[in-house]
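The structure appears below as structure tokens.
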Amino acid sequence: MSIPRPIRKAVFPVAGMGTRFLPATKSIPKEMLPIVDQPLIQYAVEEALEAGLETLIFITSGRKHTISDHFDSDFELETKLTHSGKTDLLGRIKDIVPDRVDRVYVTQTEALGLGHAILCAESVIGNEPFAILLADDMVKNDGPGALSQMIGVYEQTGSSVIGVEEVPPERTSSYGIVGVQEDEAGHKSVQTMVEKPRPEDAPSNLGVIGRYVLDGSVFRYLRTIGKGSGGEIQLTDGIAAMLQDHPVLALPLEGERYDCGSRHGFIEATIKYAMDHDDIRDDMLDHMAGLLESHGRI
Ligand code: UTP
């Protein structure tokens, strides 16, 4: 195998309607909702930086500019924090993205689906392999982040890699589901991919989560697949079409995954991440113990 081309670019689609969080997402993208004190998109960007990526491509809806505002410097705020001696906070808002890392914003003029959002990045990516991170899927791991784990497998094999987790069989209709064949090295080679199948039609219980390392040839398929499930251009359909001439592996990711696109998953993640903050952990635990007691759970 020749040495695979390095993964340098990450795409963050943030142009969805976020209807499950309305009215909170009427004027801000879902990816700007905070988990404790940091927006979802910042966790995803940090994961991409940890994996060594150099270009961050945000697919935004034209109406919402808060994502670029968040990553731009805010001179006035920095000056105020400097003058008031709040150096900790200053450190947290300055240089969220290091200067050496490029940020590119591409507008998806109409929310035609995740596959369409990715297609909007084609002119920036060309035919290079690249990563996709859906910020509303969080993977919390003490060791390497989800994307680092996936790039490790890509570098070993040269194959595209999609992040998966085992899902309860009755919940397959909430996921893209892969059918896989395991080789002698333990790699799970994707044979089929189905968007939101009923449990009886699901090829396995491995659900795709929002992390992908893909060969640039996926654009060719995304251009031609047309609308799929929900009347949207689906990334899953584009990858399923690519399977005919490009190997794709499914990697069960190490870590706990939170579906922050749902209110339930979002609140679970908030509680879990709060446990990492020494200044609020004990108060939170006391509060939850009180809640459990008053609801007759302990
Ligand atoms: P979702 O399927 O979660 O849809 O998108 P959504 O619109 O964000 O949220 P709901 O279902 O209405 O509550 C998955 C990812 O794809 C992006 C979203 O921003 C999210 O990161 N996306 C989706 C786009 O960028 N453009 C689209 O046209 C659709």
Side-chain angles (χ1 to χ4, degrees), residues 9-35 39-45 47-48 56-68 70-71 104-125 130-139 146-147 162-165 167 171-177 193-197 207-212 214 218-219 222-223 225-239 257-267 269:
K9 295 176 180 164
V11 181
F12 302 87
V14 292
M17 306 280 275
T19 52
R20 284 169 289 173
F21 277 94
L22 282 170
T25 46
K26 189 163 171 245
S27 63
I28 57 164
K30 170 175 65 180
E31 291 78 5
M32 281 303 294
L33 297 175
I35 297 292
L40 286 167
I41 189 67
Q42 189 174 334
Y43 289 95
V45 161
E47 186 183 318
L56 313 178
I57 304 161
F58 300 91
I59 311 299
T60 66
S61 80
R63 292 182 301 120
K64 301 173 185 171
H65 301 287
T66 43
I67 301 270
S68 53
H70 183 71
F71 291 109
V104 181
Y105 298 92
V106 179
T107 304
Q108 183 189 23
T109 45
E110 210 180 334
L112 297 177
L114 175 58
H116 179 260
I118 301 306
L119 201 46
C120 294
E122 183 178 16
S123 61
V124 186
I125 291 174
F130 65 103
I132 302 171
L133 296 94
L134 306 191
D136 58 355
D137 264 334
M138 299 183 83
V139 183
L147 192 59
I162 52 187
V164 296
E165 67 167 350
V167 302
R171 297 215 48 232
T172 55
S173 60
S174 305
Y175 291 82
I177 299 286
M193 235 177 141
V194 196
E195 186 62 32
K196 301 186 169 65
V208 176
I209 62 180
R211 297 292 182 279
Y212 307 80
L214 296 180
V218 73
F219 292 121
L222 285 173
R223 258 184 264 127
I225 49 169
K227 290 180 181 168
S229 162
E232 296 191 334
I233 299 178
Q234 297 287 357
L235 178 60
T236 305
D237 295 341
I239 299 174
R257 182 256 183 172
Y258 295 92
D259 172 12
C260 297
S262 74
R263 291 176 304 168
H264 176 260
F266 182 86
I267 292 165

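Everything quoted here is computed from the prediction, not taken from an experiment. All ligand and atom numbering here is 1-based and tracks the order in the structure.
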Which of the atoms of ligand 1 are close to Asp136, meaning less than 4.0 Å from one of its heavy atoms? 3 (O)

Tell me whether Gln108 has any N or O atom under 3.5 angstrom from an N or O of ligand 1. yes

Run the numbers for me: atoms of ligand 1, each under 4.0 Å from some heavy atom of Ala111, listed by number. 28 (O)

Closest non-hydrogen protein atom to atom 16 (O) of ligand 1, residue and atom name please, with distance? Leu114 CD1, 3.4 Å

Where does Val14 meet ligand 1, judged by heavy-atom distances below 4.0 Å: at the side chain, the backbone, both, or neither? backbone

For Thr25 and Pro29, work out which heavy atoms get closest and say how close. CG2-C, 4.3 Å

Within-4.5 Å side-chain heavy-atom neighbours: Ile233 and Leu119: no

Could you please spell out the steps behind the side chain to side chain contact (heavy atoms under 4.5 Å, CB included) verdict for Val208 and Thr236? CA-CA 9 Å; Val208 176; Thr236 305; 5.8 Å; no

For atom 7 (O) of ligand 1, find the nearest protein heavy atom and state the residue, atom name and distance (0.1 Å precision). Met17 N, 2.8 Å

For ligand 1, is there an N or O atom under 3.5 Å from any N or O atom of Gly16? yes

Between ligand 1 and Glu31, can you find any atom pair, the residue atom being a heavy atom, that is separated by under 4.0 Å? yes

Side-chain heavy atoms of Ile118 within contact of Ile59, under 4.5 Å: no

For atom 4 (O) of ligand 1, the protein heavy atom that lies nearest, with its residue and separation: Lys30 NZ, 4.1 Å

Compare all side-chain heavy atoms of Leu214 with those of Phe130 and state whether any distance is below 4.5 angstrom. yes

Look only at interatomic distance and state if Ala135 has a nitrogen or oxygen under 3.5 Å from any nitrogen or oxygen of ligand 1. no

For the pair Tyr43 (side chain) and Ile35 (backbone), establish whether a donor and an acceptor sit closer than 3.5 Å, ignoring hydrogens and angles. yes

Any chance you could lay out the side chain to side chain contact (heavy atoms under 4.5 Å, CB included) test for His116 and Glu110, step after step, and finish with the verdict? CA-CA 9 Å; His116 179 260; Glu110 210 180 334; 5.5 Å; no

Taking distance alone, with no angle check, do Ala117 and ligand 1 share an N/O pair under 3.5 Å? no

Ligand 1 N/O within reach of Glu110 N/O, cut-off under 3.5 Å: no

Smallest separation among heavy atoms of Lys30 and Leu40, with atom names: O-CD1, 3.6 Å

Which residue and heavy atom of the protein sit nearest atom 12 (O) of ligand 1, plus the separation: Thr19 OG1, 2.5 Å

Any N or O of Leu134 that comes nearer than 3.5 Å to an N or O of ligand 1? no

Can you figure out which of Gly113, Gly18, Ala15 has its heavy atom closest to atom 6 (P) of ligand 1? Gly18

N or O pair under 3.5 Å between Gly261 and ligand 1: no

Shortest non-hydrogen contact between Glu31 and Pro39, atoms and distance: O-CB, 3.8 Å

Say you draw a straight line from CD1 of Ile41 to OG1 of Thr66; how long is it, rounded to the nearest 0.5 Å? 10.0 Å

Is it the side chain (CB and beyond), the backbone, both or neither of Leu112 that lies under 4.0 Å from ligand 1, heavy atoms counted? backbone

Hey, can you tell me if Phe58 and Tyr105 have their rings parallel, tilted or perpendicular (30° and 60° cut-offs)? parallel

Looking at atom 2 (O) of ligand 1, what's its closest protein heavy atom, distance included? Arg20 NH2, 4.4 Å

